[in-house]
Every structure is written in C-alpha cells, then in structure tokens.
Amino acid sequence: MIGIPQNKNMGQSENMVKIVERLFSESLFLPSEIEKKYPPRELKANAMVTRIAPSPTGFMHIGGLYTALISERFAHQTDGFFYIRIEDTDRKREVAGASSLLVKSLSYYGINTDEGQTLSGEEIGMYGPYSQSKRAEIYKAYIKDLVVKDLAYPCFSTLEELEEMYSIQEAEKVRPGYYGQWAKWRNKPDQEVLRALDEGKSFVIRFQSNGNCSNKVFFKDVLRGGRELPENDQDVVIMKSDGLPTYHLAHVVDDHLMGTTHVIRGDEWLSSTPLHLQLFQALNWDPPHYGHISPIQKIEGVSKRKLSKRKDSEASVSYYDEQGYPKDAVIEYLLNLANSNFEDWRKINPDKNNREFTLTFAKLANSSGALFDFDKLNNISKELIARYSVDDIYSKGLDWAKKYDLEFSKIFEQNPDYTKGILGIERSGQTNVRKDIAKWSDLKHETEYFFDRLFHLTTEGIIESLLGINTNDIKTTVKDFIESYREDDSKDQWFEKIKEISIEHGYAGNIKIFKEDPKKYKGYVADIAKIFRVLLTGRVNTPDLYSIMHIMGKDRVLKRLSVIK
Ligand code: GLU
C-alpha cells in the first residue's frame with residue numbers, strides 16, 4: 001500500500017486560506033475545470049497512448065531515439081497515439097532551437113508523431129499545449145489543490161540550510177534527504193509560514209509523503225515484470241522557486257491529462273516510480289503502465305558502461321547522419337536491439353516495410369542491457385544498401401557527400417553515368433549483390449580509384465602489392481595484355497586472353513593445374529590478373545576486374561597500364 005497522508009486539515013483554517021492565497025496569488029482554474037478540457041480519449045481496445053518527453057538540451061542521445069522508436073511502434077501497431085511533449089521546465093538546461101531539432105530528428109527517422117510540436121513549429125492535437133513551459137498554470141492548479149488538501153506545503157529552507165542538513169545526515173550516517181524529522185517545514189505553525197512569506201523568502205513546494213521506507217511498494221513494470229521497491233518517504237520538491245514544477249509532478253499531471261496509457265522511459269526513473277505512484281494516488285488518478293528501458297551500453301575493457309555523451313561519438317544521433325548511415329539502417333538496427341527476432345523476420349521478409357514487424361514487450365524485456373555493436377549496425381546497413389537501386393545509391397550518396405564531403409561530391413556528380421556505372425558493378429541484375437557499403441562515407445573509399453583526380457599509384461605501392469612477382473613478368477605481361485586488349489571482348493574472351501598470357505609466361509592457366517605441380521609454375525592466372533588489378537586500381541582486392549575495365553573505358557585502362565615500361 002502506498003502511504004498517502006490523511007487529509008488532516010479539511011476544515012481550512014483562516015491562516016491556511018491566507019497561506020494558499022499568498023502562495024498562489026494568480027487566479028487559477030480548478031482541477032475539475034481543467035479535467036473537462038482533457039476528456040478521456042476514445043480508444044480501441046488495447047490501443048496504447050505513448051509519448052516521448054525529451055528535455056530540449058540540444059543533444060539527442062541514441063537512447064532517446066531508441067525510446068521514441070519503441071514508444072511510437074507500440075502506439076501505432078495497436079492503433080493508438082504517439083505524441084511528443086517537450087519537458088522544458090528546467091530553464092537553466094534549455095538550449096534555444098533544441099525542440100525543433102528534436103522534432104526534425106524524429107521526422108527524419110520516420111518516427112511519426114500524432115500530436116505535439118510539428119516541423120513548422122506549430123502544435124497539433126487536442127491535449128496540448130505540449131510544452132511544459134506553457135502549462136505552468138495547469139501544474140499550479142494541481143499543486144495548489146495538493147496544498148489545500150494538506151498533501152503539499154511550502155518549504156523555505158535555503159540551499160545552505162539543506163547543505164548543512166546533508167552534512168549532519170552524513171555525519172550521523174543516516175539516509176540523506178528531506179523526510180521525517182528532517183522535513184523542517186512540514187509541520188511549521190501557520191504563523192511562521194506567514195512570517196516567511198511576509199519576509200519575501202524564496203520557497204519551493206514539497207509533496208507531503210507519509211510513506212515509510214521500510215514498507216514495500218509493488219508494481220508491475222511492463223518490461224521488467226513485478227517490482228518491489230521501498231515506499232517513498234521523501235517530501236520531494238514538486239514546484240521549484242521559479243514557480244515551475246519538477247519532472248515528478250509535471251509528468252504525472254501531463255500523462256494523466258494527455259491520456260498516456262504506457263510510459264516507456266529510461267531506467268534512471270525506476271527508483272522514483274514509488275514516488276510517482278504516490279503522486280497519482282494523491283491526485284486520485286489511475287497511473288499509467290510504466291516500462292523502464294535499460295540504457296544502450298558498450299564494452300570498455302572488461303566491463304560494460306552506458307554510452308556516454310562526452311566519451312562516445314556514437315551516443316549522439318547526429319553521428320549516424322554524419323557517417324552516412326541510411327536512416328532505415330539505424331532504425332532497423334534499433335529494432336533489432338529492441339527485439340532480437342527482428343533479424344530473422346527481416347531475412348524472411350526482405351522486401352517488407354519494417355513497420356509490419358510487431359514489437360513485443362516480452363522480447364524487449366530480454367534485451368535489457370543491450371550492447372551497442374558496430375559490426376551488427378554495419379551488417380544491417382550493408383544488407384539494406386544492397387537492396388537499393390543504383391539510382392538510389394547515387395542520389396542518397398550524393399546528398400550525403402554534398403553535406404559532408406563537398407569535394408568528393410563534385411567528383412561524384414561530374415559524370416553521373418560514369419558514377420552510376422561504377423555503382424552498378426556487381427549490383428545491377430545480379431543475384432549475388434556486393435555488400436561493401438555500410439554508410440555513405442564508405443563510398444569514397446570504394447570508388448575513388450575510378451576517378452583520375454583521386455587515383456594515386458606509387459612505385460612503392462606497386463612493389464609492395466606485387467611482391468613475389470617477377471619484375472620482368474610484370475612488364476612483359478602488361479605489354480602483351482595492352483596489345484591484345486579489345487574493349488568489346490566478352491568476359492570469356494577477355495579471360496581467355498589473360499589465361500594465354502599467363503601460360504606463355506610460365507604461369508598455370510588455373511589454380512587446379514597449379515596445385516597439381518606448383519614447382520612447375522611461377523604462379524597461376526590470378527597472379528597475372530593481380531598485376532592488372534593493382535595497376536588499374538592500386539588495390540589487391542576489388543570487385544570484378546572485367547567490369548572495372550569496362551566502366552573505366554579503354555583509354556583509361558591503357559593509360560594506367562602503361563605506367564609500366
Ligand atoms: N524528460 C524526461 C527525460 O528526458 C522524460 C522521462 C519520461 O519519459 O518520462 O528523462
């Protein structure tokens with residue numbers, strides 16, 4: 001049972017009326033009037049109403065996107081509603097323009113909000129305003145009601161006094177906080193409160209808890225199952241000295257009025273859930289279901305830790321755009337992190353929209369302590385890009401380059417047909433599509449040797465790559481190849497010629513023959529192909545060499561091969 005103080009002061013004393021008037025001098029709506037403006041939602045059975053409630057600090061953590069995605073999917077897969085509420089009551093932390101950035105990010109990632117701030121900056125929805133700073137009067141009305149009902153009270157303790165209290169608690173080795181005997185202003189005589197008000201002292205409003213921390217509160221977390229936590233006995237601040245509420249009170253009021261059915265949030269809030277349930281009870285409302293998500297972690301040394309805003313660039317949502325991960329890859333990676341069966345679903349349904357995948361709380365519960373895994377992200381992204389058309393890769397890659405690598409973008413778009421030809425190698429009309437691009441920033445590395453301005457071959461590079469191949473063979477095979485090269489040869493004809501050149505120079509025509517008697521040969525056909533590959537691309541590993549030569553065109557091929565004389 002959650003401890004709620006009994007209403008000991010129903011028959012309001014004259015002083016109490018004075019105190020309430022002084023604390024809340026403005027005229028406020030009555031809670032009953034407010035309730036009328038927020039009628040219960042008409043929902044289908046089992047429809048969920050969820051929300052994302054970011055604080056506009058100017059930074060979007062990947063964990064925030066993860067929570068938003070999960071919340072949005074649960075709402076929409078049950079025909080419910082998902083909305084964004086800006087939690088901007090901490091004016092000190094607020095960064096100008098941050099809420100627009102959040103809205104933009106959600107929209108970019110296809111996390112569709114039904115209510116709240118939109119891209120134009122305006123709000124939509126019947127349950128607003130959706131920014132807490134615009135709801136100050138609403139919170140005040142409820143805070144006032146709690147004071148009137150003797151469930152909250154003003155506290156005039158200064159910061160210094162509180163510090164002193166904490167040091168005494170530390171010295172006495174007792175639990176820190178404002179509770180029980182330490183709650184100095186809880187039972188102050190009205191006269192003293194009035195005097196403090198007369199003196200113009202700054203105050204906060206505290207919730208008056210009569211919980212007992214040796215009792216346990218039981219609640220069912222939709223992700224973690226039944227939880228038992230100590231009852232809250234702290235008289236927590238619900239209204240700060242600037243008249244704005246704290247998160248505890250504000251989210252309770254908002255989630256009630258806005259008809260949230262499921263609050264999915266970070267597990268840093270798990271330990272305050274007993275307080276939140278207590279507040280719901282004090283206000284006579286049914287609480288929503290709570291689900292606490294564990295943060296995305298990473299391995300450092302032998303231990304795991306939360307992705308840190310300061311230490312890990314991948315903690316920021318902007319990182320994925322900078323690197324050029326397609327937004328769907330990020331979303332599918334997060335879906336996979338949330339429900340590990342997503343990966344199998346994707347294999348079975350390669351062409352379906354990922355919205356057709358149904359997220360479950362049960363699987364999400366198993367994903368607790370999800371580890372950030374770049375290999376997984378890259379694989380998901382490579383698979384996804386492998387399904388894109390050449391035109392899509394071209395335009396998405398170019399968009400990225402224009403934003404993050406202008407110089408490369410100019411080269412990339414100089415001759416669109418040439419670039420598309422490059423991108424089409426082992427892609428167009430093929431069943432075994434190449435999967436070498438995980439992000440648009442890989443494009444440069446994967447294509448640069450095709451562009452003369454980016455291709456730099458050094459003698460050292462050639463020597464190193466062709467180590468073990470006789471220098472004279474390099475010269476003479478190249479000479480023979482140049483002489484025999486016909487651009488319109490089929491792949492078979494082309495390969496036959498390379499084979500012939502190999503045999504003529506003492507190399508086996510295929511690996512099988514070579515292996516039968518390695519001593520008889522200097523090597524085999526792949527070594528000769530490697531000579532041409534290195535001279536044309538500067539690399540020992542590339543996609544199909546025949547296609548590369550075709551796309552490069554005869555002039556470029558012969559020119560590059562001719563560096564060997
Ligand atoms: N503003 C809170 C935060 O950013 C929201 C928590 C919640 O979703 O209720 O942590």
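Remember, it's 1-based here, ligands and their atoms both numbered in the order they're listed.
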Atom 7 (C) of ligand 1: nearest protein contact (heavy atom, Å): Y247 OH, 3.2 Å
Does a side chain donor of either H292 or R265 reach within less than 3.5 Å of an acceptor in the other side chain? yes
Starting from atom 5 (C) of ligand 1, what is the nearest protein heavy atom, named by residue and atom, and what distance separates them? A53 O, 3.2 Å
With a cut-off of 4.0 Å, which atoms of ligand 1 are near a heavy atom of R265? 7 (C), 8 (O), 9 (O)
Provide, to 0.1 Å, the distance between atom 10 (O) of ligand 1 and the closest protein heavy atom, together with that atom's residue and name. W269 NE1, 3.1 Å
Are any of the side-chain nitrogens in R305 or D312 under 4.0 Å away from the carboxylate oxygens of its partner? yes
Note the single closest protein heavy atom to atom 2 (C) of ligand 1, along with its residue, its atom name and the distance in Å. E87 OE1, 3.3 Å
Across all chains, not counting sequence neighbours, the side chain to side chain donor-acceptor pair (under 3.5 Å) partners of D235 are Y153, R186
So that I can tick it off, tell me whether D190 and K18 are bridged by a salt bridge, with the cut-off set at under 4.0 angstrom between side-chain N and carboxylate O. no
Atom 8 (O) of ligand 1 - nearest protein heavy atom and its distance: R51 NH1, 2.7 Å
So the atoms of ligand 1 within less than 4.0 Å of a heavy atom of S55 turn out to be 1 (N), 4 (O)
Could you check whether R41 makes a cation-pi contact with Y127, meaning its NZ or CZ is under 6.0 Å from the centre of the six-membered ring and within 45° of the ring axis? yes
Taking ring pair (Phe, Tyr, Trp, His ring centres under 6.0 Å) as the criterion, tell me which of F372, Y66, Y320 meets it with Y333. F372
